Amino acid sequence: MIEVLRRLGRTGLQFFERLGRGHLFLGYVLLGVPEVLSRFRLLVAQVWSVGVLSLVIVLVSGVFVGMVLGLQGYNTLVDFNAEESLGVVVALSLVRELGPVVAALLFAGRAGSALTAEIGLMKATEQLAGMEMMAVDPLRRVVAPRFLAGLLSMPLLAAIFSAVGVLGGWFVGVGLLGVDDGAFWSQMQAKVDLHDDILNGVIKSVVFGIVVTWIAVFEGYDAVPTSEGVGRATTRTVVHSSLAVLGLDFVLTALMFNDI
Amino acid sequence: MTVRGLCFAHGERKIFDGVDLRIARGKVTAIMGPSGTGKTTLLRLIGGQLRPTAGTVTVDGQDVHQLSREKLFQLRKRMGMLFQSGALLTDLSVFDNVAFPLREHTDLPESMIRHLVLMKLEAVGLRGAHGLMPRELSGGMGRRVALARAIALDPMMILYDEPFTGQDPITMGVLVQLIRKLNDSLKLTSVIVSHDVKETSAIADYIYVLSGGKVVGEGSPEALGRTSSPWVRQFLQGLPDGPVPFHYPAPDFLGDLLGGGSP
Ligand SMILES: Nc1ncnc2c1ncn2[C@@H]1O[C@H](COP(=O)(O)OP(=O)(O)OP(=O)(O)O)[C@@H](O)[C@H]1O
Ligand SMILES: [Mg+2]
C-alpha cells in the first residue's frame, strides 16, 4: 500500500518536474526567436524541411477528406432537398474543424516525429554538447529556428488543407453528383463568416502549431541520449501531440462557438 | 588553470574524490589514467558542462562554475575542445563544420573564412576532403576534422580528449608534432587526455596520472619514468598485474557465475 502511494507520488513529481522543464525550455526558445528572424537563411531551411516537405501528405489527404465530405453531405442533404447547401457544409466542416485538426495530426506524424528524432539524435551523438563547447547555444541555433518554422508552417498547411478539401468536395458534389455550380459557391460565400468561421479556424491552427512543435522539439531535446531513448521520444511526440490537439480542439470549440 | 579539491559523482558512483591539478599556461599537460577513471568527465567539468559536487575549477582567473551563462560562453570561445567522438555536425560538410565557429562568432567575409578553413584543414592533412560529409569520413579522419574545428577560432586553451586513438602511425606522428607546434607557435595551453603512454610522454611537459578518483602520480615525463610508485609504474609499463584494477568494480567472479550475485 505504502509502496503504491510512494510510486504514485514519484510519478506525479516526475510529471510536474518535466512539465516545469518544458515551460522553462519554451521560455529559452522564445528568447532565441528574435535572433532567428535576423538569420533568415536558417529559418528558410527549416521551413523547407518542416513545412514544404509536409505539403504532399497534406494536399492528398485534403482532397480525399473533401471528397468524402461531399459524398456524405450530399446523401444527407438530398433527403431534405437542400443539396444546394453542400458548399456550405463542406466549407464549414473544413474551415472550423477538419482543416486545423486533421492537418495538425498529419503535421505531428510527419514533421513532429522528424523534429524529435533529429534533435534527439543530435543529442545522442554529442553534437549539441559539441556546440555548447563552441559557445553556440543549441537552443538558439538548433531549436529556435525549428520551433519558429513549425509555428509558421502549421497555419499555412491547415489553410491549404481546407482549400483543397473544398475543391475535393466541389469535384464530387458538382462534378459527379450534379449539384448546381453557382449555388454551391454562392451559398458558401454567403454563409461562411470571416470572423466566426475563418478567423477562429486560423486561431485553432496557430494554437495547434505551437503545441505540436513545442512538444516535438522538447521531446527531442529532453530525450535520453540513446537509440532507444530517441525512439521512445519520437513515439511520445506523436501520441502526446495528437492527444493535445484533440483535447485542445474541444476546449477551443467550446470557447469559440458556444456560449457556455 | 587550476583544479582544487574536485569531487564529482554520477549518481551513487563517485568518480572524483578530491582532485588537485595545476595546468601551466603555455605548456602541454597530459592527464593519463586507465579507461573509465573519468578523464572525459574531467574535461566536461573543466568546460563547465557538468557541475562538481565540491571543489573549484579556475580558468584564467575565473571560477568556471560561478560564471553566468553569458560569461561562460565568452570563456568557451577561448577554449577549444576535441571530443572523443569528434561530435561533428552531421548535416554540414567538412568545410562547413570547420567554418561553423567562425560563422557563428565572427563577421568575417566569406573569402576570409574560406582561407582560414582551408589553412586549418591543411594543418591536419585533410584539405582535399573539404567537400565530404562527416558520414563519408573514417573515425580517425573525423577526429582530425574536429581538431581543425577546435583550433578554428585560435583559442588560448585546447582540451584534447584522446586525440591519438584510431590514427595510423604516420598520422599519429604528424598529430603529435602538430599539437606541439600549435602549442608553441600560438602560445596555447594544451591539455591532453590519453592513455597512449609513448606518444603522450613525447610531447607532454607535465603529466598527471589519475586512478580511482585521485591523482596517483605527477611530474615531468622523465621524473615519472623514474618513479617508485607502483601504480604509475604499472600504468606506464602496461603490466596486467599490480595495484591498478583492470576490472570495473564487480562482485566475486566465481560467485557471479554461480548465480550468487545480483544479475
Ligand atoms: N552518464 C553517466 N551516468 C553514470 N555513470 C557514468 C556516466 N558517464 C560516465 N559514467 C561513469 O563515469 C566513469 C568515467 O567515465 P569517463 O567517460 O570520464 O571515462 P574515461 O576516463 O574518459 O574513459 P576512456 O579512457 O575509456 O574514455 C566511468 O566509469 C563510467 O562508468
Ligand atoms: Mg573518455
Side-chain angles (χ1 to χ4, degrees), chain A residues 10 14 24-25 27-32 34-36 38-50 53 114-146 149 217 220-221 223-227 230, chain B residues 40-41 43-50 59 64 67 69-92 96-107 110 134-135 139 142-143 145-153 155 157-161:
Chain A
R10 195 180 314 134
Q14 274 168 359
L24 275 179
F25 170 85
Y28 280 122
V29 171
L30 289 179
L31 284 181
E35 197 182 310
V36 177
S38 65
R39 297 183 62 180
F40 207 62
R41 291 240 316 269
L42 279 181
L43 184 61
V44 171
Q46 290 310 321
V47 170
W48 176 266
S49 77
V50 171
L53 296 182
L115 281 177
T116 305
E118 189 185 9
I119 296 177
L121 264 178
M122 287 181 90
K123 183 176 180 188
T125 53
E126 288 192 316
Q127 296 183 53
L128 298 184
M131 264 189 205
E132 273 188 14
M133 281 309 298
M134 288 188 280
V136 175
D137 188 347
L139 285 179
R140 287 167 187 241
R141 180 61 173 67
V142 175
V143 177
R146 285 166 172 77
V217 289
Y221 194 78
V224 179
T226 58
S227 351
V230 175
Chain B
T40 302
T41 310
L43 291 188
R44 285 177 171 258
L45 284 162
I46 295 174
Q49 288 198 319
L50 296 173
V59 176
V64 174
L67 293 175
R69 202 173 161 78
E70 233 152 88
K71 288 266 175 55
L72 180 62
F73 273 38
Q74 286 300 327
L75 181 65
R76 282 182 184 166
K77 281 185 204 171
R78 302 191 288 142
M79 245 153 72
M81 174 147 170
L82 177 67
F83 277 73
Q84 199 165 1
S85 65
L88 294 177
L89 302 171
T90 45
D91 56 345
L92 299 180
D96 290 331
N97 260 290
V98 181
F100 184 82
L102 294 166
R103 289 188 177 138
E104 291 293 319
H105 295 310
T106 67
D107 290 322
E110 202 53 30
R135 63 169 181 279
R143 213 171 332 214
V145 174
L147 174 56
R149 184 178 69 176
I151 56 177
L153 282 175
M157 177 166 110
I158 306 193
L159 310 171
Y160 300 93
D161 196 351

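Computed from a predicted structure; not experimentally measured. In the text below, chain A, chain B and the rest are named by the order of the sequence lines, each starting its count at 1.
- Proximity to chain A is limited to the side chain of B:Met81, based on heavy atoms less than 4.5 angstrom apart.
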- Message: Before you tell me yes or no, could you show the steps for B:Arg149 and A:Met134 under side chain to side chain contact (heavy atoms under 4.5 Å, CB included), namely the whole-Å CA-CA distance, both residues' side-chain angles and the distance that decides it to 0.1 Å?
- Response: CA-CA 9 Å; B:Arg149 184 178 69 176; A:Met134 288 188 280; 3.6 Å; yes

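- Between B:Glu104 and A:Arg39 there is a salt bridge, with a side-chain nitrogen of the basic residue lying less than 4.0 Å from a carboxylate oxygen of the acidic one.
- Proximity to chain A is limited to the backbone of B:Leu88, based on heavy atoms less than 4.5 angstrom apart.
- Side-chain N or O atoms of A:Glu126 include none that pairs as donor or acceptor with a backbone N or O of B:Phe83 at under 3.5 Å.
- Enclosure of atom OH in A:Tyr28 is not indicated, since only 12 or fewer non-hydrogen atoms of other residues, nucleotides or ligands lie within 6.0 angstrom.
- The greatest number of non-hydrogen atom pairs below 4.5 Å with chain B, out of A:Met122, A:Met133, A:Glu118, is found for A:Met133.
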### Message
With side chain to side chain contact (heavy atoms under 4.5 Å, CB included) as the criterion, how do B:His105 and A:Val136 come out once you've worked through the C-alpha distance, each side chain's angles and the decisive distance to 0.1 Å?
### Response
CA-CA 8 Å; B:His105 295 310; A:Val136 175; 3.8 Å; yes

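- The number of heavy atoms from other shown groups lying within 6.0 Å of CD (B:Glu70) does not exceed 12.
- Residue A:Glu132 holds its CD atom at 8.5 Å from CG of B:Leu72, rounded to the nearest 0.5 Å.
- Ranked by heavy-atom pairs shorter than 4.5 Å toward chain A, the options B:Gln84, B:Lys77, B:Gln49, B:Met79 are led by B:Gln49.
- In terms of heavy-atom pairs under 4.5 angstrom with chain A, the leader among B:Pro155, B:Ala150, B:Ala87 is B:Ala87.
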